[in-house]
Structures are given as structure tokens and as C-alpha cells.
Amino acid sequence: MSKLSDQLWDSTKELRQDVMKTTFIQGLKNGSLDPVKFGKYVVQDVVFCYQGQKNMETIAARSFGDLRDFMKKEILSLRQAYIEFLTYVAQSYDPIYFLVAFLPCMRLWPWIGEQLRQSESNFGVYQSWVNEYLTGDLFQSWEDFINKSSTIDRDIASKIYTESMKDELEFFSSVFPVKR
């Protein structure tokens, strides 16, 4: 029987390919990504890393003017569904499933970096960001832990993992629509 982590990863191949088609990733690949759109994406990512609606609401409450409006309209609404899903998994499932739910984020980024580096593109002003953030193998220790678990139901894990991968696609598509 194949490793659960491999099964989960393989089952989301189409979603990963859709991520690679996003205007954001294509803009990184050819160096044409609008810096304003890049900035918007990075801000969303920073907020997402906080993993909680409370922190985003705190930031919005402490902000003024345009930044406050941006936080309320864009970030709070765009990432809320993913954060709520992760919170739901954390509160409603056996704790091991939270690792399953977060794994697509941890594995997708290095995979994107690998795909981009194969194209030998000049990423322009985004070169250092691609080199720094789209790398790593932290996901491997999480996969090892998940694969060794005897309490995981593969069907439940697959549903959770796929939903998180869909949320990743939505995240990358949030500043541009998906090109299909």
C-alpha cells in the first residue's frame, strides 16, 4: 500500500496544475507580475500565517484609512474560509487531521518553486522571493509523522487534504482569476 502522504499528494495533481496556471505564478515565472498584485498577495500570506480571524480583526481595528478598508474587505473575506476550515478541522477531528489539513500549504510551495526553477526563467525582481520562499522540506517530517499514524482514516484524510488544496488554489487565485 502506498504512503498516505503520497496518495494525498497524487490525488490533487489537477489542483496543483491549476495553481501553476494562475496569473500570479505565471507572472513570477516570466518576471511580469505586477508589483502591486505581488504586494497584495504577500500581505494576504502574512495574515494567513497568523492562522486566526482574531488576529486579522485586531489588525483591522488598529488600522486607519485605506489600510483599514483593505484589511476589512480583502484579507478578512479572502482567507476567512480557509482559516475557518483549518479551525473546524482542529476543533472537530482527531488532532492528526490538522497536520493533514495544513500539509498542502507546506508541500505546495516548495513544489511550485521546483516547477518554476525547471523553466530556468528570469524571475526579475522576484528572484530572491522565489529562491527564499518557494523552497524547503519541512513538509517531509510532517508526512513521515502522518504516514506512521495508525489512527488515520484514508478517506477522511483525502477529503480534508483535497479541501485544503482547493483553498490553496483559491489563495493563489485571489489576486487574479485562474487561467484554464
Side-chain angles (χ1 to χ4, degrees), residues 2-51 56 70-71 73-86 88-89 99-140 142-143 146 154-155 157-180:
S2 66
K3 291 185 209 174
L4 175 59
S5 60
D6 292 338
Q7 176 188 343
L8 297 172
W9 181 251
D10 292 344
S11 72
T12 58
K13 181 178 181 180
E14 186 175 319
L15 291 169
R16 289 184 277 123
Q17 294 303 324
D18 286 346
V19 168
M20 292 305 296
K21 294 175 190 174
T22 62
T23 304
F24 182 87
I25 297 297
Q26 291 302 306
L28 280 176
K29 184 177 180 178
N30 63 29
S32 68
L33 182 60
D34 179 344
V36 173
K37 299 290 187 183
F38 178 78
K40 182 176 178 180
Y41 178 86
V42 170
V43 168
Q44 290 179 104
D45 188 42
V46 168
V47 172
F48 175 73
C49 290
Y50 281 12
Q51 293 280 320
M56 290 188 289
F70 175 78
M71 294 292 288
K73 291 178 184 171
E74 297 291 329
I75 295 174
L76 292 178
S77 64
L78 286 173
R79 298 315 326 137
Q80 185 173 354
Y82 197 0
I83 291 168
E84 286 176 0
F85 177 70
L86 291 172
Y88 172 73
V89 170
L99 298 179
V100 172
F102 208 77
L103 188 56
C105 176
M106 296 178 70
R107 187 163 182 187
L108 182 63
W109 282 56
W111 180 82
I112 291 169
E114 182 182 306
Q115 303 305 303
L116 290 174
R117 282 186 286 284
Q118 286 177 3
S119 69
E120 299 182 15
S121 297
N122 174 1
F123 306 116
V125 297
Y126 305 108
Q127 186 71 50
S128 63
W129 188 84
V130 168
N131 290 342
E132 187 171 341
Y133 291 102
L134 298 180
T135 60
D137 59 2
L138 177 62
F139 70 89
Q140 290 177 341
W142 284 48
E143 285 185 347
I146 289 167
R154 287 178 177 251
D155 291 333
S158 180
K159 289 175 186 171
I160 290 171
Y161 191 94
T162 300
E163 183 61 34
S164 289
M165 191 64 80
K166 287 178 183 176
D167 286 333
E168 286 294 320
L169 173 59
E170 289 300 316
F171 191 84
F172 280 100
S173 301
S174 64
V175 291
F176 296 100
V178 176
K179 282 186 173 179
R180 293 194 186 241

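The residues of the chain are indexed from 1 along the displayed sequence. It should be emphasised that the depicted structure is a prediction, and the values quoted were computed from it without experimental measurement.
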Q: Would you name the heavy atoms of V19 and F172 that are closest together and state the gap between them?
A: CG1-CD1, 3.8 Å
Q. Roughly how far, to the nearest 0.5 Å, is the CG atom of L99 from the CE atom of M106?
A. 8.5 Å
Q: Kindly compute the distance separating CD (E163) from OG1 (T12), expressed to the nearest 0.5 Å.
A: 12.5 Å
Q) Is a donor on one side and an acceptor on the other found under 3.5 Å between the side chain of Y126 and the backbone of G31? A) no
Q | Verdict with supporting geometry, S164 and F102, side-chain contact (heavy atoms from CB on, under 4.5 Å) | A | CA-CA 7 Å; S164 289; F102 208 77; over 6 Å; no
Q: Taking all heavy atoms of R117 and all of V130, pick out the closest pair and write down the distance.
A: NH1-O, 3.6 Å
**Q.** F38 and F24 aromatic ring geometry - parallel, tilted or perpendicular at 30°/60° bounds
**A.** parallel
Q. For the atom pair OG (S5) and CZ (R107), what is the distance rounded to the nearest 0.5 Å?
A. 6.0 Å
Q | For the student: nearest non-hydrogen atoms of K21 and Q26, plus distance | A | O-CG, 4.0 Å
Q.
The test is side-chain contact (heavy atoms from CB on, under 4.5 Å); show your working for F85 and I160 and say whether it passes.
A. CA-CA 9 Å; F85 177 70; I160 290 171; 4.1 Å; yes
Q) Are any side-chain N or O atoms of T162 and backbone N or O atoms of K159, one a donor and one an acceptor, separated by less than 3.5 Å? A) no
(Q) If I compare all heavy atoms of L15 with all of K166, which pair ends up nearest, and what's the gap? (A) CD1-CG, 3.8 Å
Q: To the nearest 0.5 angstrom, please state how far the OG atom of S173 sits from the CG atom of D167.
A: 11.0 Å
**Q.** Heavy-atom closest pair, residues L8 and S158
**A.** CD2-CA, 3.3 Å
Q.
Nearest 0.5 Å, please: how far is OG in S11 from CD in Q7?
A. 6.5 Å
Q: Measure the spacing between CD of Q115 and CG of L108 and express it to the nearest 0.5 Å.
A: 10.0 Å
Q) So, are R16 and E168 salt-bridged, with charged N and O less than 4.0 Å apart? A) no
(Q) Restricting to non-hydrogen atoms, name the atom on P104 and the atom on M165 that form the minimum distance, rounded to 0.1 Å. (A) CB-CE, 3.9 Å
Q: For the residue pair W111 and W9, categorise the inter-ring angle as parallel (less than 30°), tilted (30 to 60°) or perpendicular (more than 60°).
A: perpendicular
